[in-house]
Peer 1: 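Following this message is one structure expressed as structure tokens.
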Amino acid sequence: MKLSPPIAFIGSIILGLLVIFVVDPLDPSTFSTPFMLGLILTYLSLRQEAWMVLIITVCYCFMDFYATDWFLGSFRHPAEHPYFWFFQRFGLFFVVCVMAVYLSYHREQANKNLDHIQTVLGKLPAPVVISDATGYITYVNEALCTYFGQPNASLVGKRYLDLFMTNIEEGKAMRYYIELFGEQSPNAPEVDLVTSVSPGSVKAGLTCMGTGSHRSMITVLHLR
């Protein structure tokens, strides 16, 4: 669940203050506070935009700097080498901050690229469907939704066999799908598919991409 930026900021600041003023005095070690603040930043980097993560990171850096300075000046058992300890603790946290901002930025860019690709595929005039190694549909474009007369949400998640291999028995259809999906060549030849909305066969071009669990099959229907 993605929180709105104001709520995410206020909640993160409250959690950070709890760590600095409640947890840190109980265990003002090198790793405790950087570790806990780093967990919060990592969670935010997977949910929030990069600019929000950067703002919270700057706030956390000031908090950690304050807590570290307070420990060196006020704790009754100061570190034997204060400057080295300060560099070790604050340097560790700074590395975590950089990683959190880096992760959020590239996650955001990856989402934008994915949205762009899906927008391009969605506007293609030919029906396009993408399925995974387990035989389930992971993406359909607008033309395919029009062809089946169903919305996107009704098609994504359905089995490929139930939509495109309706003339083949269950076991044979699954073996045929695995055979097509496991082609060593990235481009399989054209095949004849029988869809659930047409009694006749439909020509389709298949393209398999990726390896292992990330392998996908792209089916493009050639409607006349």
Side-chain angles (χ1 to χ4, degrees), residues 1-8 44-54 101-168 170 173-224:
M1 178 180 179
K2 183 178 179 180
L3 301 175
S4 62
I7 295 178
L44 291 173
S45 67
L46 298 175
R47 295 291 187 274
Q48 298 297 321
E49 297 180 0
W51 65 269
M52 174 58 65
V53 176
L54 180 60
V101 175
Y102 178 86
L103 176 61
S104 63
Y105 173 77
H106 282 276
R107 179 188 59 79
E108 187 176 331
Q109 293 302 311
N111 288 337
K112 289 181 179 179
N113 292 336
L114 178 60
D115 291 341
H116 177 70
I117 293 174
Q118 290 183 345
T119 300
V120 173
L121 290 176
K123 300 303 180 183
L124 290 178
V128 177
V129 58
I130 301 177
S131 53
D132 60 14
T134 61
Y136 285 90
I137 295 174
T138 58
Y139 173 81
V140 295
N141 69 347
E142 296 177 7
L144 192 83
C145 293
T146 302
Y147 175 74
F148 280 97
Q150 299 183 39
N152 182 288
S154 298
L155 296 174
V156 173
K158 283 192 174 182
R159 296 197 312 165
Y160 189 93
L161 312 182
D162 296 334
L163 297 180
F164 298 100
M165 296 181 179
T166 57
N167 63 326
I168 308 176
E170 176 82 14
M174 195 62 201
R175 288 193 296 271
Y176 183 44
Y177 180 84
I178 295 174
E179 180 183 346
L180 293 173
F181 196 86
E183 287 283 346
Q184 296 299 320
S185 174
N187 296 315
E190 277 195 349
V191 296
D192 292 323
L193 301 177
V194 176
T195 67
S196 59
V197 296
S198 175
S201 63
V202 177
K203 290 288 186 181
L206 305 181
T207 302
C208 293
M209 301 178 60
T211 58
S213 60
H214 298 288
R215 189 168 174 81
S216 298
M217 184 169 72
I218 304 173
T219 303
V220 182
L221 301 184
H222 300 162
L223 302 179
R224 295 183 179 87

Peer 1: Does Y176 have any ring pair (Phe, Tyr, Trp, His ring centres under 6.0 Å) partners at least two apart in sequence or in another chain, and if so, which?
Peer 2: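 None.
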Peer 1: Kindly write out the residues that satisfy side-chain hydrogen bond (donor to acceptor under 3.5 Å, both in side chains) with S216, not counting sequence neighbours, or none if the list is empty.
Peer 2: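 Per chain and number, S216 pairs via side-chain hydrogen bond (donor to acceptor under 3.5 Å, both in side chains) with no residue.
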Peer 1: What are the two closest heavy atoms between R215 and C208, and how far apart are they?
Peer 2: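 Shortest heavy-atom separation between R215 and C208 comes out as NH2-CB, 3.1 Å.
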Peer 1: Measuring only between side-chain heavy atoms, which start at C-beta, is M165 closer than 4.5 Å to L180?
Peer 2: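 Contact flag for M165/L180 side chains = yes.
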Peer 1: Show the nearest heavy-atom pair for residues A143 and L124, with the distance to one decimal.
Peer 2: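 Reported closest heavy-atom pair: CB-O, 3.7 Å.
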Peer 1: Which atom names give the shortest non-hydrogen contact between R107 and E49, and what distance separates them?
Peer 2: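 Heavy atoms of R107 and E49 come nearest at NH2-N, 4.1 Å.
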Peer 1: From the options I137, V197, T195, select the one residue that forms a side-chain contact (heavy atoms from CB on, under 4.5 Å) with L163.
Peer 2: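 In the set I137, V197, T195, the residue that makes a side-chain contact (heavy atoms from CB on, under 4.5 Å) with L163 is I137.
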Peer 1: So which pairs with a foot in residues 115-156 pass ring-ring contact (aromatic ring centres under 6.0 Å, His included), sequence neighbours left out?
Peer 2: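 Only F148-F164 qualify under ring-ring contact (aromatic ring centres under 6.0 Å, His included).
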Peer 1: Which distance, rounded to the nearest 0.5 Å, do you find between the CE of M52 and the CG of L44?
Peer 2: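 The CG atom of L44 is 9.0 Å from CE of M52, to the nearest 0.5 Å.
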Peer 1: Which value, rounded to the nearest 0.5 Å, describes the distance between T134 atom OG1 and M174 atom CE?
Peer 2: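 That separation rounds to 7.0 Å.
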Peer 1: Quick one: do K112 and E108 make a salt bridge, cutoff under 4.0 Å?
Peer 2: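 Salt bridge flag = yes for E108 with K112.
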Peer 1: Looking at residues at least two apart in the chain, or sitting in another chain, which of them share a side-chain hydrogen bond (donor to acceptor under 3.5 Å, both in side chains) with E170?
Peer 2: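 Scan of E170 (side-chain hydrogen bond (donor to acceptor under 3.5 Å, both in side chains), adjacent residues dropped) gives R159.
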Peer 1: Donor-acceptor pair, distance only, cut-off 3.5 Å: does the side chain of N152 make one with the backbone of L155?
Peer 2: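 Looks like no, no N/O pair under 3.5 Å.
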Peer 1: For L193 and T219, work out which heavy atoms get closest and say how close.
Peer 2: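 Scanning both residues completely, I find the closest heavy atoms to be CD1-CG2, 4.0 Å.
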Peer 1: Indicate the atoms forming the closest heavy-atom contact of P151 with C145, along with that distance.
Peer 2: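 Of all heavy-atom pairs spanning P151 and C145, the closest is C-SG, 4.0 Å.
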Peer 1: Listed by chain and number, what are the side chain to side chain contact (heavy atoms under 4.5 Å, CB included) partners of A133, not counting sequence neighbours?
Peer 2: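 A133 satisfies side chain to side chain contact (heavy atoms under 4.5 Å, CB included) with F181 only.
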Peer 1: Please check this pair: side chain of D162 against backbone of S196, looking for a donor-acceptor N/O pair closer than 3.5 Å.
Peer 2: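 No.
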Peer 1: Looking only at heavy atoms, what is the nearest atom pair of L221 and A126, with distance?
Peer 2: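 Heavy atoms of L221 and A126 come nearest at O-CB, 4.1 Å.
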Peer 1: Applying side chain to side chain contact (heavy atoms under 4.5 Å, CB included), name anything that partners D192, two or more places apart in sequence or on another chain.
Peer 2: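 S201, K203.
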Peer 1: As an exercise, state the distance from CG of N141 to OG1 of T119, rounded to the nearest 0.5 Å.
Peer 2: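 The OG1 atom of T119 is 11.5 Å from CG of N141, to the nearest 0.5 Å.
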Peer 1: Counting distance only, does the side-chain N/O of T138 pair as donor-acceptor with the main-chain N or O of I130 below 3.5 Å?
Peer 2: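 Between the backbone of I130 and the side chain of T138 there is a qualifying donor-acceptor contact (under 3.5 Å).
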